[in-house]
Amino acid sequence: MLSFIGRSVIQKLVTLFLVSIVSFLIIHIAPGEPSQVNPLNPKFTPEIVERFRKAFHLDKPLHVQYFYFYKDLLTGKTTSWKDNQSVLKKIWERFLNSLPLFIVGTLITWTISFPIGIRAAIARGGIYDRSTTFLAYLLISIPGFFFAYILIIFVVTRFHVPVIGMETFGLREATTIHMIMDRIWHLLLPSVLGATGGVAILSRYVRSQMLEVESQDYVRTAKAKGLPPEQVHYKHALRNALLPFVTMFGLILPGLIGGSVIIESIFSWPGMGRMAYEAILARDYPVILTVNFISAVLVLAGTFLSDLLYLMVDPRIRL
Amino acid sequence: MTIRKLLIFVPLALTLILLQSYLWVPTYEEQTRGNPNRLKEFITASIGDAAILNPILSADSASSTIESMVFEGLIDRDENLRFRGRLATSWEISEQAFFYINEEASIPGLGKATPGQVVAYLKKARDGKLTVDSETLASLQNIKAISIIGPREFEVTERQKKAGTLKAQEIKLHVFAPARIKLTLKHVDQDLFKYLARVLGENYFASFNPERYVREESGKETDLRTYARKILPPVEHNPVIVFHLRPNVIFHDGQPFDAGDVKFTYESIIDPRNLSPRISDYEPVKRVEVIDPLTVRIVYKRLYSPALATWSIGILPRHLLNREALRKEAIRRGMDPAKFTMRQSNFNRHPIGCGPFVFREWKSDQYIVLDHFRNYWEGPPNYERYVYRIIPDLLTQEMEFYAGTVDTYNVQPHQVQRLQSDPRYQSFSGLSFGYTYIGYNMRRAPFNDRRVRLALSMAIDVDKIIKYVLHGQGERITGPFVKQTDYYNHDIKPVPYNPGAALKLLETLGWKRNAEGWLEKNGKRFQFTLITNSGNELRKAVMAIVQNEWRQIGIDVRTDLVEWSVFIKERVDKADFDALILGWSMGIEPDLYQIWHSSQTHPYQLNFVGFKNAEADHLIVKIRQEYSHNRQVEYCHRLHKIIAFEQPYTFLYVNKWTAVLDKRIVIKEVDAKGHVTYKKIKPTKTGDYTFYFNKWVKLPRVPTFSLE
């Protein structure tokens, strides 16, 4: 066990190092300049461009730039080129904004998919199963932005309540409970939208897992020995069907820093995705690379976590 | 079974918690009509957030919108785009001109002359005691005073780059400057020395040899001639602007504004550590002098008429940003004071200026809130609060506008017809400061022939493009100036759409249609590639239409969409294209040097089409040196004509914008007796409807106006 952890950590550190090099190279090789340097602005003389490049260390060879950047990152001193704010502080703020969206979205996905998927598996081939299949494919195929517009227009014109932003704009003198409920309301639509794809896919996944387990010999045995169907489905079958989902849980971790550009833009949500997207457009390398680095760390930590979880829940696996 | 119950109960509970929150949310109705405070705030929406709220550091439009509210410049432009005083009450522009006594030249009727003799001679000429032509006399009479600066001796250290090495070498030059004549002029006169040469002899200035007066000390090899010309220019124009500042103006923190702040703002811009993107505007400044707390004098190194407009820059408070203040901030925040510059300061997120609105709060990517400034020198704006919301999606912006939580909405072209006639809103529209064009690479055949470019322009039906691509929201443009300014020459008619005539014109140049219908000359097909950047749907549509139209007259046009940064770096900067579709956004100042002067045709410069025209060059330089508006207009009209004639671009269109506004917003005016009148908001001549923003007020219901 300990040797597994040790080996795994070393492997992941090597991967992380390689990721840091590759992502650094990709961003620097991609064409384009930081938006502070606008080549089509008549006011930008070559001297100014040169001065900006120097201030950003862009005049140095790549390996020196790499060194500068990661030194700053590891000492927490990276600053955004756009507004000279500390990158870590910026990311932390955005992270806190994206977090509720992520939590509620994940909660919706995981709590709703299971009952739907299980029911579909138990009543396989029935009208319920077929209609959820249809619905799932509908939700997967509908473009997110389109669905978002439909929902916004429906809610706004039908209920006359604001839906965009993190809270009702201009809500100043309100009680705490009002504030909290207002925030929850603003979470509803974007997190439902964020969860639609997840629900559709996960419920299909649950269904197929359940079906697989339901056809196992021990489930048949359980049925044959006269256990009530509920106990067969929920105790014998479901428990074993859950195993692969435990590993999936670790893989949600990178989603913490992902955020959806489209949904955040449509709902004016000041989240991670929008910040990263705008940083890419403005070639704000420190922000892009830091987000990239953190998400690489989270992906690696996520896989590590899911390995560990698997070890714990499935006694058959020993390392 | 507990698991089963759990599986059903948990999602149900979650759904219920989420849905019940609806009951707590205020409706739009409660937010807008039920809320009396809502009438006191103006809310606007923007796609992007501000980057940095410091007028000398920012370069994006969101930041400058907020800065124009929080900060105030010395001057700005009035309804007719003429300058008007803000923090400055008035200003005078004069000139000091210098020339070195040319000891070798002989003056007609005087011979070789001492400085004293030259002065006396010039005074005589000015007083009409010599026979000179009337233009020269007029120029001479503009001279207020003539004085002599005696010979001087000084040392200059120059850095010179040695060929083949990277290291710069310092060279010491010893200069024995001859006597110099200083002329103080009433008005700036760019032709002064042209006329003086008529008095002092045509070669008096041209033959001045500065090399005689400069010696290299250390005996190193140098290009003495270049340095001497730099150190001792034969003639020099030093325009001078004196600003008289408004008394009793205070910053939002209560500190008084004075001339020191103006000087400080200038110094901050030119400080290389601040990396100000505006530095090139202030490069021609020689020095900024504080005469007294309410007078600043700015001396320029050379004639540069766009200089006045640069003083519309927001003035920074010196007491909050000077070295001492920055050092204290660095220490407080635990940063290295030596590396701490204005760019790092927290001021950029909590700006303090002396504009009509006080900064209150900024939540990144959510909103910026400003409150009106009670002690604003012109009286506080009627709105108590200005809110700048960041809503990146246009449809959501539109929804918020209908709901009443945003007061204005910039209408998209396809919606204009519907929203303009909507009785709930008042609408405004105008032309934007920019145009779209097709540029031809004039270094390449056949685009080096004006007639070919003209024929290509004639084959494009621009009116149709405006009608179908822009939904009618555009106007034709014929030249490089902003259409609503005086500089634009309205006498020039757009190139008429006439593919038949275009074909005939090409035929006279030897292009004949072959059996397949393609134009051919000497067995070579008329073939080229038209490119533009990807991501701009309008340009893409224009490209398809133009390709089709050119193909119809037998030109084999290929097209290519290139990603923006590759487009700029590989194609535009290196002038590697046949023809391209691009747009310029412009300022009001008619300075076209970077885009049209023949010296700017090298790689990485903006005259990438390679336009070279001697007369145009001459006019471009004259325009940037001319301080008289009327003469500038005259030169611009001539320049416009030349460029339109040469057709280096096919000038396509300038976009039209439309904005809608709640009808309850009107202008409130209070006269001296305290009598209140309400007026409809009227745009200025240039289409700017927010010009009187500080007088706007929102009424509880739509007012009815008596017929005016």
Side-chain angles (χ1 to χ4, degrees), chain A residues 30-33 36 38-46 48 51-52 55 79 82-85 90 93 104 107-108 111-112 114-115 118 149 152-153 156 159-162 164-166 168-171 177-178 181-182 184-185 187-188 192 230-231 234-235 238 265-268 270 274-275 278, chain B residues 1 3-4 7-8 10-11 14 17-29 31 35 38 41 48 51-52 59 272 275 277-281 343-344 348-349 363-367 389-393 395-396 399-400 403 405 563-566 568-570 572-573 593-595 604 606:
Chain A
E33 298 260 9
Q36 280 74 18
N38 181 354
L40 279 193
N41 184 342
K43 303 249 148 107
F44 271 77
T45 57
I48 302 181
R51 212 175 281 158
F52 266 106
T79 50
K82 183 185 158 202
D83 51 13
N84 291 86
Q85 296 272 300
K90 272 177 88 152
E93 270 171 27
V104 175
L107 275 179
I108 294 178
T111 52
I112 294 193
F114 276 88
I118 294 167
Y149 284 146
I152 291 181
I153 291 175
V156 169
F159 300 104
H160 306 285
V161 285
I164 71 152
M166 292 214 300
T168 297
F169 177 76
L171 194 68
I177 179 89
H178 265 96
M181 286 305 169
D182 186 61
I184 293 180
W185 169 252
L187 274 170
L188 178 65
V192 162
E230 281 204 354
Q231 205 171 346
Y234 292 101
K235 197 158 181 192
L238 182 62
S265 299
I266 292 177
F267 285 93
S268 309
R274 240 170 93 195
M275 184 188 68
E278 273 157 25
Chain B
M1 274 296 286
I3 296 181
R4 190 183 171 190
L7 279 176
I8 294 172
V10 171
L14 183 70
I17 291 175
L18 288 176
L19 287 179
Q20 62 84 35
S21 64
Y22 165 70
L23 304 170
W24 301 80
V25 186
T27 59
Y28 279 121
E29 198 66 20
Q31 269 189 80
N35 180 357
R38 177 65 184 84
E41 31 181 59
I52 186 165
L275 285 172
R278 294 171 196 269
I279 195 165
S280 64
D281 276 345
R343 273 198 176 260
Q344 272 88 39
N348 304 328
R349 287 189 73 85
K363 280 216 166 148
S364 289
D365 270 351
Q366 294 187 64
Y367 54 80
R389 294 179 70 183
I390 292 99
I391 305 178
D393 188 83
L395 189 110
T396 353
M399 299 296 293
E400 290 290 295
T405 45
E563 192 273 329
W564 176 254
S565 47
V566 180
I568 295 301
K569 223 173 172 168
E570 299 299 321
V572 176
D573 278 350
Y593 192 82
Q594 271 93 352
I595 299 175
Y604 298 97
L606 296 183

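In what follows, chains are A, B, ... by sequence order, proteins preceding strands, each numbered from 1. Note that the structure is predicted; figures quoted are calculated from it, not measured.
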So for Glu570(B), is it side chain, backbone, both, or neither that comes closer than 4.5 Å to the heavy atoms of chain A?
neither
Has the side chain of Arg343(B) got a donor or acceptor atom that lies under 3.5 Å from a matching backbone atom of Leu275(B)?
yes
Examine whether an atom of Asn348(B) lies under 4.5 Å from a heavy atom of chain A, and if so say whether it belongs to the side chain, the backbone or both; otherwise answer neither.
neither
I'd like to verify something: which residue of Pro11(B), Pro392(B), Ser565(B) has the highest number of heavy-atom pairs under 4.5 Å with chain A?
Pro392(B)
Under 4.5 Å, counting heavy-atom pairs only, tell me which of Gln20(B), Arg278(B), Met399(B), Arg389(B) racks up the most with chain A.
Arg389(B)
So, for Ile164(A) and Ile266(A), which heavy atoms are closest and what is the spacing to 0.1 Å?
CG2-O, 4.1 Å
Quick check on the interface: out of Val156(A), Ile112(A), Thr79(A), who has the most heavy-atom pairs with chain B under 4.5 Å?
Val156(A)
Max heavy-atom pair count under 4.5 Å with chain A, selected residue of Glu563(B), Lys363(B), Glu400(B)
Glu400(B)
Identify which of Pro162(A), Pro270(A), Pro115(A) forms the greatest number of heavy-atom pairs closer than 4.5 Å to chain B.
Pro162(A)
Quick one: what part of Arg349(B) sits under 4.5 Å from any heavy atom of chain A, side chain, backbone, both or neither?
side chain
Region of Leu187(A) in contact with chain B, defined by heavy-atom distances below 4.5 Å:
neither
Below 4.5 Å, heavy-atom pairs only: which of Leu7(B), Val25(B), Ile52(B) has the largest tally toward chain A?
Val25(B)
Below 4.5 Å, heavy-atom pairs only: which of Lys90(A), Glu93(A), Gln85(A) has the largest tally toward chain B?
Gln85(A)
Tell me, do Arg51(A) and Ile279(B) make a side-chain contact under 4.5 Å, heavy atoms counted?
yes
If we ignore hydrogens and angles and just use 3.5 Å, is the side chain of Ser268(A) paired with the main-chain N or O of Gly165(A) as donor and acceptor?
no
Nearest 0.5 angstrom please: Asp365(B) CG to Met275(A) CE, how far?
9.5 Å
Check each atom of Leu14(B) against the heavy atoms of chain A and say whether the ones under 4.5 Å are side chain, backbone, both or neither.
side chain
Heavy-atom distances under 4.5 Å only: say whether Ala51(B) touches chain A with side chain, backbone, both or neither.
both
Most chain A-contacting option - heavy-atom pairs closer than 4.5 Å, from Leu19(B), Asp281(B), Val10(B):
Asp281(B)
Chain A shares the most heavy-atom pairs under 4.5 Å, among Thr396(B), Ile390(B), Val566(B), with Thr396(B)
Looking at CG of Leu606(B) and CD of Gln594(B), how far apart are the two atoms once the value is rounded to the nearest 0.5 Å?
6.5 Å
Given a strict heavy-atom distance threshold of 4.5 Å, which part of Ile108(A) is in contact with chain B: side chain, backbone, both, or neither?
both
Return the option, out of Leu238(A), Val192(A), Ile177(A), with the maximum number of heavy-atom pairs under 4.5 Å with chain B.
Ile177(A)
Just say parallel, tilted or perpendicular for the rings of Trp185(A) and Tyr22(B), cut-offs at 30° and 60°.
tilted
If you measure from CD1 on Ile391(B) to CD on Gln366(B), what distance do you get to the nearest 0.5 Å?
11.0 Å
